[in-house]
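Data block below; observations after.
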Amino acid sequence: MTLFDDFTAWDNLQLAWRTVRRNVPRYRRARSAGPDGVSLAEFERRMPRSLRILQQALREETYRPKPPGRFSLPRQDAPPRVLARLNVEDRIAQRAALQVIAPLWEEIFLPCSYGYRPGRSPADALAAVQSLREGGRRWALHGDVASCFDRLDHDILRKRLRRTLDDRRLLRLLDAWLEAGIAPAGFPASPPPLPPPALRRSAAGLDALLEWLNRPAGDAWAGGDFLEPDAVRRLAWQDVGRGLAALAGAWLRPKGVQAGRNLVSRLRSPAGRRIARRGAWVTGGLGALAFGGMAVSWYLTRRAGNAPAGVLQGSPLSPLLANIYLHPFDAGMSHAGYALVRFADDWVVCAESRKEAESARLRAERLLKALRLEFNPRKTRLVSPAEPLPWLGDWVP
């Protein structure tokens with residue numbers, strides 16, 4: 001039995017379904033629909049047939065996650081929080097995957113991590129901080145990661161997933177969920193359609209050619225001069241050639257523009273951005289003798305923009321993915337001897353002195369920068385021993 005077999009097992013899918021259903025109150029199940037319009041109540045009426053269809057699609061690898069819906073929750077003194085609205089079958093599939101892969105990382109996660117882990121709660125995190133302060137670590141560095149879920153770099157996250165998870169089918173499925181959930185980024189929008197001056201010039205040129213060919217040779221006009229018949233025929237053929245070239249250009253130009261737009265569109269996709277960023281300098285390296293190759297590589301890298309980033313808040317997998325991503329932060333702080341307590345992207349370091357707390361801030365900043373994250377300056381501050389610490393909606397004395 002492989003991990004993928006455990007994931008698609010009927011008992012695991014049933015457990016995932018029961019968990020998804022339990023998370024939605026009964027009175028809301030008829031309205032709890034994803035973008036496809038299928039509500040939780042409607043899915044339940046067709047059980048177990050609906051679940052069997054999902055199981056077959058997962059096992060045959062024909063399942064494709066649907067683009068999620070999004071809705072905003074207003075927040076006081078902060079930008080709205082954007083949450084995902086998944087189809088019921090996507091929620092079940094993600095929950096089923098979570099049930100089989102989460103235990104792998106529970107063996108790796110450190111005790112300082114409290115967010116979204118079995119048997120741990122915000123109350124436990126608050127108690128841990130209170131215990132540290134009562135034990136003499138009265139200084140506190142309260143930190144928050146700016147837009148954490150929106151900025152989780154997919155390349156870094158994929159590397160971390162592959163270190164622990166060796167099931168290729170599950171990894172492909174996780175990749176698909178990541179790519180289905182990110183916001184459009186990277187390449188700017190395609191430019192507006194270009195005007196067709198070549199077409200206008202070719203039409204005018206053809207009109208002139210027809211006029212030339214329809215006139216008697218002796219009446220042919222070119223720049224106000226009367227020409228001999230041989231000269232008229234020569235100029236006529238030249239204009240015919242220019243007209244055909246203009247027509248060919250007018251026909252080919254939109255084709256080339258469309259091909260370029262298709263290329264840009266493909267490079268704008270998550271896979272395309274990764275290819276552009278990873279392969280751009282390789283392309284330049286292969287053409288290192290030609291400066292143009294390096295220039296093209298630089299251009300592609302600039303055009304590719306940032307690597308794909310972000311996981312959906314509100315999806316079953318996002319808390320686990322965030323903990324996997326932030327584990328190096330936990331390990332780096334703990335290895336340096338700092339007393340860290342983290343709940344998702346909100347964390348506290350308790351220290352014996354102001355100097356130690358300021359040193360912890362520098363260490364945390366470096367570790368987050370390595371993960372392509374940064375502090376939220378509005379929520380990151382030092383708390384003196386005389387002050388109560390506001391954290392997780394409560395106060396730590």
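This one's a predicted model, so the numbers in the text were calculated from it and none came from an experiment.
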Test item: Thr8 side-chain N/O and Phe4 main-chain N/O as donor-acceptor pair under 3.5 Å: yes
Single-linkage hydrophobic cluster, 4.5 Å side-chain cutoff, Phe7 and Val88 together: yes
Distance in Å, Asp166 CG paired with Leu3 CG, rounded so as to fall on 0.5 Å steps: 8.0 Å
Check: Gln56/Arg59 side-chain N/O donor and acceptor closer than 3.5 Å: no
Summary of ring pair (Phe, Tyr, Trp, His ring centres under 6.0 Å) pairs that have at least one residue in residues 331-376, sequence neighbours excluded: Tyr116-Phe343, Phe329-Trp347, Trp347-Phe375
Step-by-step side-chain hydrogen bond (donor to acceptor under 3.5 Å, both in side chains) determination, Ser359 to Glu356: CA-CA 5 Å; Ser359 173; Glu356 182 185 354; over 6 Å; no
Which residues share a side-chain contact (heavy atoms from CB on, under 4.5 Å) with Ala370, sequence neighbours left out: none
Aromatic ring pairing Tyr63/Trp177, orientation class (parallel under 30°, perpendicular over 60°, tilted between): perpendicular
Backbone of Val20 reached by a side-chain donor or acceptor of Asn23 within 3.5 Å: no
Verdict with reasoning, Tyr325 to Leu373, per side chain to side chain contact (heavy atoms under 4.5 Å, CB included): CA-CA 11 Å; Tyr325 194 94; Leu373 299 172; 3.8 Å; yes
Glu365 bridged to Lys369 by N-O distance under 4.0 Å: no
Pairwise distance CG(Asp167) to CZ(Arg162) - rounded to 0.5 angstrom: 11.5 Å
ILVMFWY cluster, Leu171 and Leu178 together (side-chain gap under 4.5 Å): yes
Check: Arg29 side chain, Leu40 main-chain N or O, donor-acceptor pair, under 3.5 Å: no
Smallest separation among heavy atoms of Asn323 and Gly115, with atom names: ND2-O, 2.8 Å
side-chain hydrogen bond (donor to acceptor under 3.5 Å, both in side chains) between Gln55 and Arg52, worked out: CA-CA 5 Å; Gln55 181 188 42; Arg52 287 290 186 192; 3.2 Å; yes
Flag, side chain of Asp153 to backbone of Asp155, donor-acceptor distance under 3.5 Å: yes
Heavy-atom donor-acceptor pair, Asn87 side chain to Asp90 backbone, under 3.5 Å: no
Lys/Arg N to Asp/Glu carboxylate O, Arg381 vs Glu387, below 4.0 Å: yes
For the student: nearest non-hydrogen atoms of Leu98 and Pro103, plus distance: O-CD, 4.2 Å
Arg64/Leu173 under side chain to side chain contact (heavy atoms under 4.5 Å, CB included): CA gap, chis, key distance, verdict: CA-CA 8 Å; Arg64 298 292 182 271; Leu173 194 54; over 6 Å; no
Point-to-point distance, once rounded to the nearest 0.5 Å, from CG of Asp175 to CG of Leu170: 11.0 Å
Arg133 and Val396, any side-chain heavy atoms less than 4.5 Å apart: yes
Side-chain heavy atoms of Cys350 within contact of Val341, under 4.5 Å: no
Lys/Arg-Asp/Glu bridge criterion (N-O < 4.0 Å) met for Lys66, Glu89: yes
Spatial distance of atom CG (Leu321) from atom OG (Ser315) [nearest 0.5 Å]: 7.0 Å
same_hphob_cluster(Leu320, Val100) at 4.5 Å side-chain heavy-atom cutoff: yes
Within one Ile-Leu-Val-Met-Phe-Trp-Tyr cluster: Trp139 and Leu340, side-chain cutoff 4.5 Å: no
Side chain Thr380, main chain Asn376, donor-acceptor under 3.5 Å: yes
Expected output: side-chain Arg361 to main-chain Ala357 donor-acceptor under 3.5 Å: no
Pair Asp345 + Arg151, salt bridge at N-O below 4.0 Å: no
Donor-acceptor under 3.5 Å (Arg91 side chain, Leu86 main chain): yes
side-chain hydrogen bond (donor to acceptor under 3.5 Å, both in side chains): pairs with one or both residues in residues 36-45, sequence neighbours excluded: Arg21-Glu44
Heavy-atom pair with the smallest gap, counting every atom of Ala140 and Val348: CB-CG1, 4.2 Å
Which residues share a side-chain contact (heavy atoms from CB on, under 4.5 Å) with Leu110, sequence neighbours left out: Cys112, His327, Asp330, Ala331, Ser334
Nearest non-hydrogen partners of Ala96 and Ala16, listed with the distance: N-CB, 3.6 Å
Test item: Gln99 side-chain N/O and Asn12 main-chain N/O as donor-acceptor pair under 3.5 Å: yes
Side chain to side chain contact (heavy atoms under 4.5 Å, CB included) between Leu317 and Leu174, worked out: CA-CA 9 Å; Leu317 276 171; Leu174 288 167; 3.8 Å; yes
Between Arg95 and Thr19: side-chain donor-acceptor atoms closer than 3.5 Å: no
Salt-bridge criterion met for Arg158 and Glu179 (N-O under 4.0 Å): yes
Heavy-atom side-chain proximity of Leu51 to Gln14 below 4.5 angstrom: yes
In one Ile/Leu/Val/Met/Phe/Trp/Tyr side-chain cluster, 4.5 Å: Leu367, Leu371: yes
side-chain hydrogen bond (donor to acceptor under 3.5 Å, both in side chains) against Arg18, all qualifying residues, sequence neighbours excluded: none
Steps toward side chain to side chain contact (heavy atoms under 4.5 Å, CB included) verdict (Arg363, Val349): CA-CA 11 Å; Arg363 174 77 173 181; Val349 173; over 6 Å; no
Closest non-hydrogen atom pair, Pro68 against Ala180: CD-O, 3.1 Å
Separation of Arg120 CZ from Tyr114 OH (nearest 0.5 Å): 5.0 Å
For Leu152 against Ala322, the heavy-atom pair lying closest together: CD1-CA, 3.9 Å
Selection residues 388-397 - residue pairs positive for side-chain hydrogen bond (donor to acceptor under 3.5 Å, both in side chains), sequence neighbours left out: Asp346-Trp391
Inter-residue atom distance Glu61.CD - Arg172.CZ, 0.5 Å rounding: 4.5 Å
Min side-chain heavy-atom separation Leu312-Leu83 under 4.5 Å: no
Under 3.5 Å donor-acceptor, Arg160 side chain and Ile324 backbone: yes
